Q: 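Please find one structure pasted underneath; my questions will follow.
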Amino acid sequence: MRFAYYPGCSLHSTAVEFDISTRAVAPLLGIELVEIPNWVCCGASPTHQRDSILSYALAVANFNKAELVNEQIGVQCASCYNNLRRALFELHHSDEIKKKVEKVAGLDFGNNVQVFHLLDVFRNQIGLEAIKEKVTHPLKGLNVAAYYGCLLTRPPEAVAFDDPEWPTSMDDILQTCGATMVDWPYKTECCGASLALSRTDVVQKLSHDILKMAKTHGADCIAVACPLCHSNLDLRQKSIEKKFAENLELPIFYYTQLMGLAFGLSGKELGLDKLIVNPWKLLEEKGIGSKKS
Amino acid sequence: MARIGVFVCHCGENIASVVDCERVAKISASLPGVTYATDYKYMCSDPGQDLIKSAIAEHNLNGVVVAACSPHMHETTFRKAAQQAGLNPYLCEMANIREHCSWVHDDHEKATQKAIDLVRIMVEKVRRNHPLEPVRVSVTKRALVIGGGIAGIQAALDMANGGIEVVLVEKEPSIGGHMAQLSETFPTLDCSQCILTPKMVEVAQHPNIKLYTYSEVENVSGFVGNFKVTVRKKARSVNMELCNGCGLCTQKCPSRKIPNEFDRGLSNRSAIYIPFPQAIPNKPVIDRDHCIHFKTGKCGVCEKVCGTKAIDFDQQDELVNEEVGAIVVATGYDLYNISMDQPNDKLEGYGEYGYGKYPDVIDGLQFERLLSATGPTGGKILRPSDGKEPKNVVFISCVGSRHNAKGITYCSKICCTYIAKHGMLYKHKVPDGNAYVFYMDVRTSGKRFDEFWRRAVEEDGLVYLRGRVSKIYEQDGHLIVKGADTLSGVAVEVEADLVVLATAIVPQPNIEKLFQNLGISYDEYNFVTEAHPKLRPVESSTAGIFLAGACHSPKDIPESVAQASAAASKALILLSKPELEREPLVAKVNEATCIGCFYCLRACPAKAITEKEIKNRAGEVLRKVSEVNPSVCTGCGTCVSVCFSNSIDLEGFTDEQIYAEINSVIERMSVIQQ
């Protein structure tokens, strides 16, 4: 299975471990990821806040570049996925928008491009059976809260591959990897997203509620599929602990990192050293994974 | 020789704004076989019909083509007019230049050409029409009612009181339907059981009603006035004649942990059970799926304790045949299942509301059982999880309904009013409690319903919050209900002890199989479709089959009863006639050419074809041919298409007519191409 891989800016910078673990896990499941040459911004904030047409034009630029590799595009960043899918939706549904966008981009929009989140690909195209076959080191005893955030499944008509309010694909995958999935209510709550920059206090409150809810439902750690969720929950966890005078200590993994551990990959191969909340105390306690292969 | 009149209708602006009617009439006049043609503003009006009648007399017409709307609309009108002028009504046909032409086209020139073609086609047909006489069939003066809820009960009683023998079939062990489960009814707050049970008793005692409970309609054949129905009487495992309804068996039965359907799982029942105290018939039934005797061959306690020896483990399902002239469908509703397991992939559940996960998240009918004096709590408001009295109750409207993403777009209609009732009754029983209602709109339409919900707010202090609920979860023994109050623009969280979901009203599961068996049409949600949304609201798409209650759309009790009485009176009108006239558009076999392969006999969906023996004078059978019973034939034409020897034709739609219609257009097309 071949995909034109669109990493987006986060996976080349703040979320590099998401990129590393994705590239490590995908080939084991028979997925070939070919990075789109010279990809540009997906059109996410601040572009889509200012001008939706410009945002769609950036998407069309990426689609044109992707077509040289493959018509099926694979994305990991929830925000990139959301933007590219929404652009696709609008372009398919409005000739007027399509014309404007093509003019702005100076490019034609090819109708055959498809955009997939890799979570969708793993869950629905590769399937749980095939994933199960690859599990050599089951995540036994690890209590994981799967956190989907707001962008992955909403707005449902444009992006959803799962139930928009009660998604289960990440739960299914990680359960197949041997983890115990926590039944908790906050899987699609807002983490505060980009208010991290302008209203840190809001993000601290919202992210605190998520961390706290996961903890009270018995989670040892949280799995995410979005770089922004990750940075709010992981990077800011220390300051949240300080502000609310609580000891949370919840490692925040990208779901591909947990898949990789179950497939027997080492911490180094999965970029676990990039996480801010150190996961090794937990992993060693549960007897999962090793730092080096 | 054909002397055909063509009458082109303007239908006010409907046709004339696109089609040049005057030109259509003028060109029609020159078509072969046409003697006279004219146009008029409203052909269906009295002067319009007079125009046709006088033209028939004046020009001695022997065929009429009315170019106007769909024959569904006015064929009967114009055929009657032709008949009044002395013409056989089947010599009058309609060319549809409205629905098939003016309404769907913009280009005036092309539309006018098409209208002329449509007239040309019909003229060619009418040239080959011949007089037909209606088929007369006898009427069985009995009726079948399917479903023993309030709608079925009302329809059965009305028809029985009208002197007609009624067969009432109910799939559950007792009649009563959902109304028997309700506590008090809006807007008067009178007790549901108190107004329903007398009617149930009346059904049981009525000399004109034959009641089959725990029975289902297995098969329906025949046609209006003459339906043949097979009813499956499911094995009750109790001899109804011997049983005196003492109920000792239900008390002694050791298998007692079966969720009670009548209490919607809020209590348990035994394997041999009477659904509820006022059940009709008040005799038990054995639930074979849960009975220890049927599962292991042991036990048999009920058999031992029964004083009248009424337990019959060997009882089998029984098939009974009934003949009726009319059928009323009153199969009622079910509630949308909000959990993630759905009957089909068109519907999606609400994982985020935790129904099935949290025992204190219940649906509206479950709350009715909590309110009811015969319910699991004896009418006290006690929540299912720990039996405590809830002090904060949240009611959520439109769960499933009006929610495109979950698969149901329609409004369930009764919820807004019953939520107000629920909140009100809760406040009467728990005066220091709080009732919150999350709503999208309050739609309490009905006589005195708006006053009713205002009373719930103004007198009983229900708190209405306009917004949707995003999720429900448990925290520290409470249910946290997260939602929005869109009027004040804030997100709200309510710490609730009990959450009641007003889930969407849906048709009974798998009911479409019955509707297919009956041959009636239904919509994408499996609600029965009425023959006309305004003018024929209680008739189904099939003659002789009427509909009542929530099988048609979500309905409250007054509406269901009104519709049931209307359906009953429609059925009574039908059954009051000594015989029925049917359209003579039926298949006819040419015995001279029939080769007796009987392919048609196997193909006929109406079972209208039989074998006929052709004998010589000595009475010896020479050969066998097919014969069509015109009173059973539905005129579908399947036999015509499968006949190898071209020996069957459909009256009114003969091969000769159809080919002439097609040729008339092909000829004109080839002229244009040349």
Side-chain angles (χ1 to χ4, degrees), chain A residues 85-86 89 93 123-124 145-172 175 181-193 195 199 201-203 205-219 222 246, chain B residues 336-342 344-361 394 396 398-409 438 440 467-484 489-496 499 501 503:
Chain A
R85 277 292 287 260
R86 271 184 25 207
F89 181 84
H93 284 81
R123 172 66 184 85
N124 301 317
Y147 174 64
Y148 298 79
C150 59
L151 290 169
L152 211 50
T153 55
R154 294 179 286 199
E157 58 276 18
V159 312
F161 55 87
D162 201 342
D163 189 300
E165 301 298 331
W166 197 253
T168 50
S169 43
M170 204 193 309
D171 291 81
D172 296 340
Q175 190 159 24
M181 300 313 292
V182 170
D183 182 12
W184 70 311
Y186 270 27
K187 27 167 105 178
T188 55
E189 282 299 284
C190 174
C191 69
L195 285 179
R199 288 289 303 274
D201 57 325
V202 171
V203 167
K205 158 87 173 75
L206 293 173
S207 290
H208 164 262
D209 291 351
I210 291 164
L211 293 164
K212 177 96 183 164
M213 188 61 81
K215 189 112 188 161
T216 52
H217 280 76
I222 295 177
E246 271 167 15
Chain B
Y336 167 78
N337 168 18
I338 98 149
S339 73
M340 294 305 275
D341 302 321
Q342 292 295 327
N344 61 54
D345 55 13
K346 276 189 271 180
L347 299 177
E348 286 192 36
Y350 287 74
E352 65 270 29
Y353 285 2
Y355 182 82
K357 185 161 70 178
Y358 308 127
D360 295 329
V361 178
V394 172
I396 305 176
C398 299
V399 178
S401 319
R402 303 175 67 202
H403 201 161
N404 302 18
K406 301 290 185 188
I408 294 177
T409 53
F438 281 93
M440 302 214 302
R468 302 285 299 167
V469 166
S470 66
K471 57 171 57 82
I472 299 168
Y473 59 92
E474 212 165 36
Q475 197 172 46
D476 308 326
H478 293 289
L479 291 164
I480 309 296
V481 180
K482 281 183 80 126
V490 294
V492 283
E493 268 186 36
V494 182
E495 266 190 21
V499 178
L501 309 173
T503 47

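Chain letters run A, B, ... following the sequence lines, proteins first and then strands; every chain starts at 1. Keep in mind that what you see is a predicted model, and the values were worked out from it rather than measured.
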Q: By a 4.5 Å heavy-atom criterion (distance strictly below it), what part of A:Glu157 contacts chain B: side chain, backbone, both, or neither?
A: neither
Q: Relative to chain A, which segment of B:Gln475 carries a heavy atom at a distance below 4.5 Å: side chain, backbone, both, or neither?
A: side chain
Q: Rounded to the nearest 0.5 Å, what separation is found between the NZ atom of B:Lys406 and the OH atom of B:Tyr336?
A: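 It is 6.0 Å, given to the nearest 0.5 Å.
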Q: Do the charged groups of A:Lys205 and A:Asp201 touch, with an N to O distance under 4.0 Å?
A: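 Here A:Lys205 does not pair with A:Asp201 in a salt bridge, since their nearest N and O are not under 4.0 Å apart.
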Q: With a 4.5 Å cut-off on heavy-atom pairs, point out which of A:Thr216, A:Asp183, A:Thr188 contacts chain B the most.
A: A:Asp183
Q: Please determine if A:Lys212 and A:Glu189 form a salt bridge, counting it only when a charged side-chain N lies under 4.0 Å from a carboxylate O.
A: no
Q: Considering only NZ, NE, NH1 and NH2 on the basic side and carboxylate oxygens on the acidic side, decide whether A:Asp171 and A:Lys187 come within less than 4.0 Å.
A: yes
